[in-house]
Number of protein chains: 2
Amino acid sequence: MATKLFIVDDHYMVIEGIHSILQNENSIEWMGHASNADSCLAFLKNQRPDVILMDISMPGMSGIELCKLVRENYPSIYIIGLSTFNQQSFIKKMMDVGASGYLLKNATRQELIFAINEVSKGKMYVCDEAASTLRFNEKLQLPVITRREKEVLEFIASGLTNNEIAKKLFISVSTVDSHRKNILVKFEAKNIASLVKTALQLKIIE
Amino acid sequence: MATKLFIVDDHYMVIEGIHSILQNENSIEWMGHASNADSCLAFLKNQRPDVILMDISMPGMSGIELCKLVRENYPSIYIIGLSTFNQQSFIKKMMDVGASGYLLKNATRQELIFAINEVSKGKMYVCDEAASTLRFNEKLQLPVITRREKEVLEFIASGLTNNEIAKKLFISVSTVDSHRKNILVKFEAKNIASLVKTALQLKIIE
DNA sequence: AGGGAATTCCCGTTTTTCAGGGATTTTTCA
DNA sequence: TGAAAAATCCCTGAAAAACGGGAATTCCCT
């Protein structure tokens, strides 16, 4: 039986490309596409694909949130993440949230078909580039900061002083200072400048 | 006479998508594709398309450099920039370097065909999103900093203090401080944290 | 129920940044 | 060759961050 495939991507050219690539592939049945998370969810109300190819960065709800939702509500559907960039945190988050595979948009026809078939059988498929990025990151691993620390970090990056942050969060300056110190340690940063830089580079803040 | 089109993009799916979209369009003749700047240049040694669709971010030479080269050596070829993101600086740089148009990868079939046809006649076509980004940026325009200021900014972002920077550059702390102050004014930042954040966001430093 | 993590708070000292001036010497380029 | 822009240097005082400690409470998970 052919694998029923659905695609969520906000790039028309990519959808068209995948459609065209899979046109003569009779092991895969094209169910359609959505260009954002909401239309995807609406589609799933009545239809049940076997595999969804899902772009990670989309306007509105991201592929990561969408993946989580779909996996929670329709555990029989397998998901393959799709993105342009080989971005450490994206890949990890996508896999954490239940994706079965990960492809970059420069994948070949062979790789695409192979990935869909593997995943439809319940296996995993992560493309080489993404896999090596994951391995690299396991060694280097991202600093883990708490919810509160992240809040403080965001305020710091937007230029607020400890005093201003304290007022915003209704806590004392000492507390803010403690958080700041802990964040600096976790990031192995010696001051705010390098902290903000690495936090942005690691996409921990935007 | 049909417009002869060539495509440079490192994403197979996008090439395939565009190919598929243009298959039944007889005003456009598909000449082929390259997945990087070098193969594009090699192709141009013997062939002469009318229009090149060119991805901006590619491994190796970027679309911006490639665009410049092509325009210098083959001024009869018109170029349309292509990218995933609506990124201020990219669009501007691409247009500065001689591109005739700019499309995002979520363009529709109609828009794609229209853009190619317009550009082939020597006109310009910039998609709405990109155009509004350009307008937005003209008003807001990027801070212009001097070479020295950029050097200092980079050291600041990597966590060096004024003192350390002074030693590295063999200048006095006062001078570094002056640069720092000027940079802060130019970025309208109130402190280092917000400075580093906006400098990174505007891609003025990496 | 117990333990660890998270969040909260405080102190004192040193270093660095911020904000406000002003001033001189090089470069650059029209 | 001359004016504008860039790069250099200096001062002072206040504000904030960095450093190095310690400690109490609350939350969460097993």
Side-chain angles (χ1 to χ4, degrees), chain A residues 68 72 89 92-93 96-98 138 141-202 204-205, chain B residues 96 138 140-202 204-205:
Chain A
K68 195 176 172 198
E72 279 166 5
S89 55
K92 185 160 180 359
K93 279 183 194 158
D96 283 348
V97 107
E138 257 165 40
Q141 65 194 332
L142 302 177
V144 178
I145 58 172
T146 68
R147 223 173 309 147
R148 197 56 154 178
E149 284 166 351
K150 192 177 172 198
E151 257 183 295
V152 173
L153 175 55
E154 268 155 3
F155 282 131
I156 290 173
S158 49
L160 302 195
T161 64
N162 284 353
N163 213 306
E164 292 165 331
I165 297 171
K167 277 173 192 153
K168 282 229 173 198
L169 296 178
F170 304 104
I171 55 181
S172 96
V173 187
S174 322
T175 308
V176 179
D177 193 52
S178 292
H179 287 313
R180 176 186 294 258
K181 279 191 277 192
N182 290 330
I183 300 169
L184 284 172
V185 170
K186 288 185 179 179
F187 276 80
E188 295 173 59
K190 56 171 289 206
N191 58 30
I192 290 302
S194 57
L195 170 66
V196 172
K197 189 182 171 191
T198 53
L200 278 164
Q201 284 174 337
L202 299 175
I204 287 165
I205 55 173
Chain B
D96 283 348
E138 259 166 37
L140 212 95
Q141 62 195 333
L142 301 179
V144 178
I145 58 172
T146 68
R147 221 172 309 146
R148 198 57 154 177
E149 284 166 351
K150 192 177 173 197
E151 257 183 295
V152 173
L153 175 55
E154 267 155 5
F155 282 131
I156 290 174
S158 49
L160 302 195
T161 66
N162 284 353
N163 213 306
E164 292 165 332
I165 297 171
K167 277 173 193 152
K168 281 229 173 197
L169 296 178
F170 304 104
I171 55 181
S172 96
V173 186
S174 322
T175 309
V176 179
D177 192 51
S178 293
H179 288 313
R180 176 185 222 110
K181 280 191 277 192
N182 290 330
I183 300 169
L184 283 172
V185 170
K186 286 185 181 181
F187 278 80
E188 296 173 59
K190 58 171 287 202
N191 59 30
I192 291 300
S194 58
L195 171 66
V196 172
K197 189 183 171 192
T198 55
L200 279 163
Q201 284 174 337
L202 298 175
I204 288 166
I205 56 173

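Here is how names work: the chains are called A, B, and so on, in the same order as the sequence lines, proteins then strands, and each is numbered from 1. Note that the coordinates shown come from a computational prediction; the quantities given were computed from them, not determined experimentally.
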- [ ] Taking salt bridge (charged side-chain N to carboxylate O under 4.0 Å, His left out) as the test, write out the residues that go with B:R148, two or more places apart.
- [x] B:E151
TODO: Can you sort out the partners of A:S194 under side-chain hydrogen bond (donor to acceptor under 3.5 Å, both in side chains), two or more places apart, ordered by chain and number?
DONE: A:N191
Show the distances under 3.5 angstrom between N or O atoms of the protein and N or O atoms of nucleotides 3-7 of chain D.
| unit_1 | atom_1 | unit_2 | atom_2 | d |
| --- | --- | --- | --- | --- |
| D:dA7 | OP1 | B:R148 | N | 3.3 |
| D:dA7 | OP2 | B:T146 | OG1 | 2.2 |

TODO: Return the value, rounded to whole Å, for the distance between atom CG of A:N182 and atom C1' of D:dG22.
DONE: 13 Å
Task: Results of side-chain contact (heavy atoms from CB on, under 4.5 Å) for B:S172 - residues two or more places apart only - done: B:S174, B:T175
- [ ] Under the side-chain hydrogen bond (donor to acceptor under 3.5 Å, both in side chains) rule, collect the residues that match up with A:N182, sequence neighbours excluded.
- [x] none
Task: Whole angstrom value for the distance that separates C1' of D:dA18 from CG of B:N163 - done: 15 Å
Task: Heavy-atom pair of closest approach, residues A:L184 and A:I192 - done: CD2-N, 4.3 Å
Task: Shortest non-hydrogen separation from A:L202 to A:P143 and the atoms involved - done: CD1-CD, 3.9 Å
TODO: May I have the distance from A:F170 (atom CZ) to C:dT8 (atom P), rounded to whole angstrom?
DONE: 13 Å
Task: Partner residues of A:K68 under the side-chain contact (heavy atoms from CB on, under 4.5 Å) criterion, sequence neighbours left out - done: A:E72, A:V97
Task: Interatomic distance where CG belongs to A:L195 and P belongs to C:dT17 [whole Å] - done: 15 Å
Open item on the list: Considering only residues two or more places apart or on different chains, which pairs with a residue in residues 183-194 of chain A satisfy salt bridge (Lys or Arg N to Asp or Glu O under 4.0 Å)?
Closed with: A:E149-A:K186, A:K190-B:E164
Task: Atom-pair distance (CD1 on A:I145; C1' on C:dA5), nearest Å - done: 15 Å
Task: Any A:N162 side-chain nitrogen or oxygen under 4.0 Å from OP1 or OP2 of D:dA17 - done: yes
Open item on the list: Holding to side-chain contact (heavy atoms from CB on, under 4.5 Å), I want the full list of residues that pass it with B:K167, two or more places apart in sequence or in another chain.
Closed with: B:N163
- [ ] Not counting sequence neighbours, which residues clear side-chain contact (heavy atoms from CB on, under 4.5 Å) with A:A166? List them please.
- [x] A:V173, A:V176
Open item on the list: Measuring to OP1 and OP2 of C:dC9, would you say a side-chain N or O of A:S174 lies under 4.0 angstrom away?
Closed with: no
TODO: Please tell me if the side chains of A:L195 and A:R180 come closer than 4.5 Å, counting only heavy atoms from C-beta onward.
DONE: no
Open item on the list: Tell me the interatomic distance from B:L160, atom CG, to C:dT15, atom P, rounded to whole angstroms.
Closed with: 18 Å
Task: Net bend of the helix from C:dA1-D:dT30 to C:dA30-D:dT1, end axes of five pairs each, nearest 10 degrees - done: 70°
Using a cut-off of under 3.5 Å, enumerate the N/O to N/O pairs linking the protein to nucleotides 18-21 of chain C.
| unit_1 | atom_1 | unit_2 | atom_2 | d |
| --- | --- | --- | --- | --- |
| C:dC18 | OP1 | B:I192 | N | 3.0 |
| C:dC18 | OP2 | B:R180 | NE | 3.3 |
| C:dG20 | O6 | B:K181 | NZ | 2.3 |
| C:dG21 | O6 | B:K181 | NZ | 3.4 |

